[in-house]
Undergrad: 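Below you will find the structure I want to go over with you.
For reference, positions follow the sequence shown, starting with 1. Computation of the quantities below employed the complete heavy-atom set of this structure, encompassing side-chain atoms and omitting hydrogens, waters and symmetry-equivalent molecules.
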Amino acid sequence: MHRAVVNSEKERISIPTFYCPSPDAVIGPAPQLVTDDEPAVYRQFTFEEYNRTIWTGGLHECLDAFHAT
């Protein structure tokens, strides 16, 4: 769970970090939070895929790569 105070005058970016999960650990939204009315914004991915993408392409490329279609 995450809560933040939003500043309407500045952009805010959060970077998820994970403490040493297995490379094949699947990261994604909690299934009970995904509905037809509230679809997932990002697809599931493995920690290995996340780690490789964030360190080679940076945050914005990572966000684009994991965006749900």
Side-chain angles (χ1 to χ4, degrees):
M1 187 126 356
H2 179 79
R3 186 176 295 192
V5 176
V6 178
N7 182 335
S8 63
E9 297 182 20
K10 290 185 179 180
E11 182 181 65
R12 180 180 179 277
I13 296 177
S14 296
I15 300 173
T17 57
F18 310 98
Y19 184 72
C20 298
S22 170
D24 61 348
V26 177
I27 300 164
Q32 64 270 31
L33 299 178
V34 179
T35 67
D36 289 339
D37 293 330
E38 296 287 337
V41 175
Y42 296 96
R43 65 173 176 81
Q44 290 186 336
F45 47 89
T46 64
F47 178 68
E48 179 179 31
E49 186 180 8
Y50 166 80
N51 206 26
R52 182 178 59 245
T53 305
I54 194 75
W55 291 112
T56 60
L59 176 62
H60 289 289
E61 184 175 318
C62 191
L63 292 175
D64 291 343
F66 300 133
H67 206 272
T69 55

Undergrad: Report yes or no: do Val26 and Ile54 belong to one cluster of Ile/Leu/Val/Met/Phe/Trp/Tyr joined by side chain heavy-atom distances under 4.5 Å?
TA: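 No, it is not one cluster - the side chains of Val26 and Ile54 are not joined through contacts under 4.5 Å.
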
Undergrad: Which pair of non-hydrogen atoms, one from Thr46 and one from Asp24, has the smallest distance, and what is that distance?
TA: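 Heavy atoms of Thr46 and Asp24 come nearest at CG2-O, 4.2 Å.
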
Undergrad: Decide whether Thr35 and Asp37 meet the rule of one side-chain donor and one side-chain acceptor closer than 3.5 Å.
TA: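 The criterion, which ignores hydrogens and geometry beyond distance, is not satisfied for Asp37 and Thr35.
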
Undergrad: Taking it one step at a time, do Tyr50 and Cys62 satisfy side-chain contact (heavy atoms from CB on, under 4.5 Å)?
TA: CA-CA 7 Å; Tyr50 166 80; Cys62 191; 3.9 Å; yes

Undergrad: Look up atom CD in Glu61 and atom OG1 in Thr53, then write down how far apart they are to the nearest 0.5 Å.
TA: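 Between atom CD of Glu61 and atom OG1 of Thr53 there are 7.0 Å.
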
Undergrad: Just how far is it from atom CG of Asn51 to atom OG1 of Thr56, taken to the nearest 0.5 Å?
TA: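 The OG1 atom of Thr56 is 9.5 Å from CG of Asn51, to the nearest 0.5 Å.
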
Undergrad: So, using side-chain hydrogen bond (donor to acceptor under 3.5 Å, both in side chains) as the criterion, who are the partners of Arg52 when residues are at least two apart?
TA: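 Per chain and number, Arg52 pairs via side-chain hydrogen bond (donor to acceptor under 3.5 Å, both in side chains) with no residue.
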
Undergrad: May I ask whether Leu33 and Tyr42 are part of the same hydrophobic cluster, defined by side-chain heavy atoms of I, L, V, M, F, W, Y residues being less than 4.5 angstrom apart, directly or through others?
TA: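 Shared cluster, no.
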
Undergrad: Return the minimal non-hydrogen interatomic distance between Ala40 and Val34, and the atom names on each side.
TA: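 Result for this residue pair: N-CG1, 3.7 Å.
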
Undergrad: Do Ile27 and Phe66 make a side-chain contact, defined as non-hydrogen atoms from C-beta onward lying under 4.5 Å apart?
TA: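 No, every pair of side-chain atoms sits at 4.5 Å or beyond.
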
Undergrad: Evaluate whether atom CD of Gln32 has more than 12 neighbouring non-hydrogen atoms of other residues, nucleotides or ligands under 6.0 angstrom away.
TA: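 Check passes, neighbour count above 12.
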
Undergrad: Among pairs that include at least one residue of residues 39-48, which meet salt bridge (charged side-chain N to carboxylate O under 4.0 Å, His left out), considering only residues two or more places apart or in two chains?
TA: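 Sorted pair list: Arg43-Glu49.
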
